[in-house]
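Structure first, commentary second.
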There are 2 protein chains.
Amino acid sequence: MSGLRNRPPLATIHDVAQLAGVSIKTVSRVVNREPHVSAGTRARVDRAIQVLNYRPNIAARTLAGSRAYLVGLYFDNPSAGYVSQMQSGALRACRAAGYHLVIEQLAGSSVEVQNQLRQSLAAVRMDGVVLSPPVCDRGEVLDLLDALAVPHVRIAPARELGRGPYVCMDDGRAAQEMARRLLALGHRRFGFIKGHPDHAAAEIRWRGFANALAAAGLILGPRDTWQGDFSFRSGSEGARRLLSRGPRPTAIFASNDDMALGAIAMAHRLGLRIPDDLSVAGFDDSPGAEAVWPPLTTIRQPVAEMTAGAVNMLIDGHGPGRSEPQLFDFELVVRGSTGPPPIVDLAAGL
Amino acid sequence: MSGLRNRPPLATIHDVAQLAGVSIKTVSRVVNREPHVSAGTRARVDRAIQVLNYRPNIAARTLAGSRAYLVGLYFDNPSAGYVSQMQSGALRACRAAGYHLVIEQLAGSSVEVQNQLRQSLAAVRMDGVVLSPPVCDRGEVLDLLDALAVPHVRIAPARELGRGPYVCMDDGRAAQEMARRLLALGHRRFGFIKGHPDHAAAEIRWRGFANALAAAGLILGPRDTWQGDFSFRSGSEGARRLLSRGPRPTAIFASNDDMALGAIAMAHRLGLRIPDDLSVAGFDDSPGAEAVWPPLTTIRQPVAEMTAGAVNMLIDGHGPGRSEPQLFDFELVVRGSTGPPPIVDLAAGL
DNA sequence: CCCTATATAGACAACGTTGTCTATCCAGCT
DNA sequence: AGCTGGATAGACAACGTTGTCTATATAGGG
């Protein structure tokens, strides 16, 4: 394909310079908002740009030096629920700054991931990259990025904090708050469905939940938890196990919405009414959370805002020393899937 | 930010040429698999490339001529369910061909969309673009693309067929088949929830469904249909209306899964059992389809494969004349949300 | 009014690759 | 041996922008 070959020529900086009667370099100065241009000249150039509909060519800019006006967004699994929200936020921030977004999937073994990353960074020399979980926690990725001196901002990393800037949310406190809410409703027997062990956030959510329960004098044993992997299927399987034991839990907290949805589906299948017989809570406020009956009580992460923030950190340029993490607030969204435990349990608990 | 400034220099074609003891142009020939290079020279160059871990710089390639090794994916709403599947397919095809993917959102008024498109095409000169619904049906987008001579492939367009290549699925036949299936189960009273009027596929699905019913002697009146907009909420609202009339429909077909999910949620709320009291069918096989109880009977579109196909059409280069649409097969996925109508209705219908 | 400092603008060389044109080499003819 | 032609390789000029250095106006101070 000779895509570029036969296209009608677009206006170049040269055309603008000619029309405005100034040098190419001066147009460049205007476009890049550099100083040393008088107001009059600036206005003339701006008008010429308007007339010719001129837009600087990214490839030429990249080649000539400074910036690439390209930001990379790397993720592991493109169909994870939060990816579309991340993109939405990233696109918004990019557009506002005149940047463009390149997306890239990074999956497989350590060596494969390194090769993919190296290839994409050498080919498309982006100004910086945003790393989403769980790839943001892979040491080899950070190593390579450091070696290549590619600026990066991580979204909700859980390991290797201190290795560069990131944006995050307090997952532990969110899980804690959810636990407190369930306790306040009167629940005393809980089931917890853990997330994928590769996502370190999964561990943090578990800790927060367990700590809040411990503070209330409750200890969750191995039979009260299930090792899931953030998938719908693992959630329904986990619920099946948790609900099959002797005194059933009256509330199940899953470390993400997909698994909570799986738990709800399983509860329906087992003939349990929600929230009368069983409360279910999730984490993420994914699109599916509103698309079940009853709608899911969950934790809303401002994923789009976090990602937009990450892109802005990249573009605005986090100076050498200042790599302070930016903390975003979560929101506990109470919907119909949680309520008080069955009367009999409530009585027993009191 | 001076992203590119202080990075360790990557190997350039010049380094490779030096190490291999050939000219720069010869390395270029090897990299691009051009003829006129002897086997021996080719091997020497390949080894030098390996040793230096050389990767051609996209910006330089773009600037120098031919290809940009960049494909654009344009969509309207980044959180539409099918976007992640599209990306997955697009990324796969791009990686296989050594291309990279730039994503771009195109939303707003006609003028806004044109400006956004013009800006992104002038800045990032991609080899071609993939257009997803509903932007693929906007005349002004196609006009601009034609004027700029930017190759494009559309995904499931519904209007302006004949204006360039596209990939698609036979939505009408799929809706027909779903109708036949419901008829075969014994249903005679139907409700239909229409999709967003901007998506032309919505109309096609409705036609297919209505035609199949007409062939069985059934006519759907205005009270049997509801104008939705592909959102969960419009689905639940539609179901509420359809189910509130005199003799209730025994089956509801929604033009997409989100609305079908809304219908299921509303049925639950109204105390109807699915599929015993009401069958519900959707269209898309979105991630949520398996994440409800009972799981949704729906039409699976091979979205990832279609998009990969579109990217390949772009990269392989659809010659000037050959812009034949590529048709993909759908699959009717039967799950738990459909079944025979209630006995009393079945008896009445016979 | 001259000299200097400062704002403003231009000339020119990168940047890393590909397209085009030209030079060389060698085999196969006559 | 001389010539032709195809295969192979190199020289050189783009491509459109920015960085650096230099030249010119303009203002300010003695």
Nearest heavy atoms of A/Met169 and A/Pro302, plus distance in Å: SD-CD, 4.1 Å
Between [N] ([atom2]) and [X] ([atom1]): distance, integer Å:
X       : N      : atom1 : atom2 : answer
B/Arg7  : C/dG16 : CZ    : P     : 13 Å
B/Arg67 : C/dG19 : CZ    : P     : 9 Å
A/His14 : C/dA11 : NE2   : P     : 10 Å
B/Asn32 : C/dG16 : CG    : P     : 17 Å
A/Leu63 : D/dC15 : CG    : P     : 14 Å
B/Ile13 : D/dA9  : CD1   : C1'   : 14 Å
B/Arg61 : C/dC15 : CZ    : C1'   : 16 Å
B/Tyr69 : C/dG16 : OH    : P     : 18 Å

With the side chain counted from C-beta on, respond yes when [X] and [Y] share a heavy-atom pair under 4.5 Å apart, and no when they do not.
X        : Y        : value
B/Val130 : B/Ile155 : yes
A/Val22  : A/Val45  : yes
A/Met313 : A/Val167 : yes

Axis bend over the full length of the helix from C/dC1-D/dG30 to C/dT30-D/dA1, computed from five pairs that close each end, to 10 degrees: 50°
C/dG16 phosphate, OP1 or OP2, under 4.0 Å from B/Thr12 side-chain N/O: no
A/Leu161: side-chain contact (heavy atoms from CB on, under 4.5 Å) partners, not counting sequence neighbours: A/Pro157, A/Tyr166
Partner residues of B/Arg159 under the side-chain contact (heavy atoms from CB on, under 4.5 Å) criterion, sequence neighbours left out: B/Asp137, B/Ala200
Residue pairs fulfilling ring pair (Phe, Tyr, Trp, His ring centres under 6.0 Å) with at least one residue in residues 48-73 of chain B, sequence neighbours excluded: B/Tyr69-B/Tyr99
Ring pair (Phe, Tyr, Trp, His ring centres under 6.0 Å) pairs, two or more places apart, involving residues 105-140 of chain A: none
Atom pair CG (B/Leu145) and CZ (B/Arg154), whose distance is rounded to the nearest 0.5 Å: 9.5 Å
Produce the list of close N/O pairs, under 3.5 Å, pairing protein atoms with atoms of nucleotides 22-24 of chain C; give distances to one decimal.
none

With a cut-off of 3.5 Å and sequence neighbours excluded, list every side-chain donor-acceptor pair involving residues 114-122 of chain B.
from: B/Gln116; atom 1: OE1; to: B/Ala107; atom 2: N; distance (Å): 3.2
from: B/Gln116; atom 1: NE2; to: B/Ala107; atom 2: O; distance (Å): 3.2
from: B/Gln119; atom 1: OE1; to: A/Arg55; atom 2: NE; distance (Å): 3.1
from: B/Gln119; atom 1: NE2; to: A/His100; atom 2: NE2; distance (Å): 3.3
from: B/Ser120; atom 1: OG; to: B/Tyr74; atom 2: OH; distance (Å): 2.6
from: B/Ser120; atom 1: OG; to: B/Leu117; atom 2: O; distance (Å): 3.2

Counterpart residues, side-chain hydrogen bond (donor to acceptor under 3.5 Å, both in side chains), relative to A/Asp46 (two or more places apart): none
Residues forming a side-chain hydrogen bond (donor to acceptor under 3.5 Å, both in side chains) with A/Glu140, sequence neighbours excluded: A/Ser110, A/Arg138
Residues touching DNA chain D, which here means a heavy atom under 4.0 Å, drawn from residues 48-57 of chain B: none
For nucleotides 7-10 of chain C, give me every protein contact, N/O to N/O, under 3.5 Å, one pair per line with atom names.
from: C/dA9; atom 1: OP1; to: A/Ser38; atom 2: OG; distance (Å): 3.4
from: C/dA9; atom 1: OP1; to: A/Thr41; atom 2: OG1; distance (Å): 2.4
from: C/dA9; atom 1: OP2; to: A/Ser38; atom 2: N; distance (Å): 3.2
from: C/dA9; atom 1: N7; to: A/Arg29; atom 2: NH2; distance (Å): 3.4
from: C/dG10; atom 1: OP2; to: A/Ser23; atom 2: N; distance (Å): 2.6
from: C/dG10; atom 1: OP2; to: A/Ser23; atom 2: OG; distance (Å): 3.1
from: C/dG10; atom 1: OP2; to: A/Thr26; atom 2: OG1; distance (Å): 2.8
from: C/dG10; atom 1: N7; to: A/Arg29; atom 2: NH2; distance (Å): 2.9

side-chain hydrogen bond (donor to acceptor under 3.5 Å, both in side chains) between B/Arg67 and B/Asn32, worked out: CA-CA 11 Å; B/Arg67 302 155 44 170; B/Asn32 295 297; over 6 Å; no
Please output the side-chain donor-acceptor pairs of residues 82-90 of chain A that fall under 3.5 Å, not counting sequence neighbours, one pair per line with the distance.
from: A/Tyr82; atom 1: OH; to: A/Pro133; atom 2: O; distance (Å): 2.7
from: A/Gln87; atom 1: OE1; to: B/Gln87; atom 2: NE2; distance (Å): 2.6
from: A/Gln87; atom 1: NE2; to: B/Gln87; atom 2: OE1; distance (Å): 2.6

